Amino acid sequence: MIVKGSRPQIVGACIQRSQLWRSVKVLKLTQNMRLNTQVVAERDFAKWQLEIGHGKHTDEAGNIKLPDHFKCTENSVSSLISTIYPGVNELPHPPDHYFAERTILTSRNDDVDDINEKMLSEFPGDMSDFLSADSVKSSNENAEGELLYPVEYLNSINCSGLPLHKLQLKVGCPVMILRNLNPGKGSAMGLEEL
């Protein structure tokens with residue numbers, strides 16, 4: 001990276017100008033592997049995606065026309081949940097692979113939290129709350145950390161990559177752990193007590 005560099009300096013620093021470039025073998029992807037699957041529904045979906053890339057299934061304004069089997073019965077979060085996760089609110093709990101085969105993608109963390117809360121409310125069973133640590137370890141004897149980081153502030157932190165202050169769970173509800181936050185103890189998100 002060339003900070004405040006001119007265009008020729010930046011181009012000169014790219015990987016294609018490196019001495020290593022002569023040793024690089026460029027591979028080109030030429031075959032859509034999803035089209036080779038034996039599962040008819042997946043092959044049809046991959047074919048439909050490929051056709052979208054070639055400009056098919058669009059109207060004059062460029063809007064994509066979705067097939068009817070892609071649509072929910074109504075435009076609501078409850079309808080989306082019941083379409084993607086049918087029977088999730090019934091006992092016995094679905095098997096583990098049930099959740100591995102389904103997902104709802106969103107572009108915002110706020111939407112993820114709202115959908116997770118709605119799904120958890122529909123999931124059968126009693127809810128348990130698990131709260132995050134609400135103090136700061138201070139290396140010196142005076143409680144400087146407590147003054148700089150009040151409990152209310154620590155509990156309000158909600159950013160990507162960190163668990164929520166209040167984690168609500170039900171028995172049988174899946175939990176996705178993205179990383180190990182305490183490698184010394186071998187636990188993720190401090191859930192070793194569960």
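Since we're looking at a predicted model, the values are computed, not measured.
- In this view, Q9 and S6 satisfy the side-chain hydrogen bond (donor to acceptor under 3.5 Å, both in side chains) rule, not counting sequence neighbours.
- Annotation: side chain to side chain contact (heavy atoms under 4.5 Å, CB included) contacts of V112 (sequence neighbours excluded): T106, N116.
- With sequence neighbours left out, D110 forms a side-chain hydrogen bond (donor to acceptor under 3.5 Å, both in side chains) with R108.
- Scanning for side chain to side chain contact (heavy atoms under 4.5 Å, CB included) contacts around P95 gives H97, Y98, with sequence neighbours left out.
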Practice task
Quick one: do K71 and D68 satisfy side-chain contact (heavy atoms from CB on, under 4.5 Å)? Show the steps, please.
Solution key: CA-CA 5 Å; K71 300 175 186 174; D68 288 336; 3.6 Å; yes
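- Rounding to the nearest 0.5 angstrom, the gap separating the CD1 atom in I115 from the CD atom in E117 is 11.5 Å.
- Counting only residues at least two apart or in different chains, side chain to side chain donor-acceptor pair (under 3.5 Å) contacts with residues 15-25 are absent.
- For L131, the side chain to side chain contact (heavy atoms under 4.5 Å, CB included) criterion is met by H165, K166, not counting sequence neighbours.
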Pairs of donor and acceptor atoms involving the side chains of residues 51-64, under 3.5 Å and at least two apart or interchain, shall be tabulated with distances.
from : atom 1 : to  : atom 2 : distance (Å)
E51  : OE1    : H57 : NE2    : 2.5
T58  : OG1    : G55 : O      : 3.0
D59  : OD1    : A61 : N      : 3.1
D59  : OD1    : G62 : N      : 3.1
D59  : OD1    : N63 : N      : 2.8

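- In K170, the NZ atom is crowded: over 12 heavy atoms of neighbouring residues, nucleotides or ligands sit closer than 6.0 Å.
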May I have the list of side-chain donor-acceptor pairs in residues 73-89 shorter than 3.5 Å, sequence neighbours left out?
from : atom 1 : to   : atom 2 : distance (Å)
T73  : OG1    : S79  : OG     : 3.2
E74  : OE2    : S76  : OG     : 3.1
S76  : OG     : S79  : N      : 3.1
S78  : OG     : K118 : NZ     : 3.3
S79  : OG     : T73  : N      : 3.4
S79  : OG     : E74  : N      : 3.3
S79  : OG     : E74  : O      : 3.2
S82  : OG     : S78  : O      : 3.2
S82  : OG     : S79  : O      : 3.0
T83  : OG1    : S79  : O      : 2.7
Y85  : OH     : R102 : O      : 3.4

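- Here L20 is tied to no hydrophobic group at all, with no ILVMFWY side chain closer than 4.5 Å.
- Take P124 and apply the side chain to side chain contact (heavy atoms under 4.5 Å, CB included) test, not counting sequence neighbours, and it matches L91, H93.
- Annotation: the span from L169 atom CG to F123 atom CZ amounts to 10.5 Å, rounded to 0.5 Å.
- Residue pairs meeting the salt bridge (charged side-chain N to carboxylate O under 4.0 Å, His left out) criterion with at least one partner in residues 80-101, sequence neighbours excluded, are absent.
- With sequence neighbours excluded, the residues satisfying side-chain hydrogen bond (donor to acceptor under 3.5 Å, both in side chains) with Q168 are D129.
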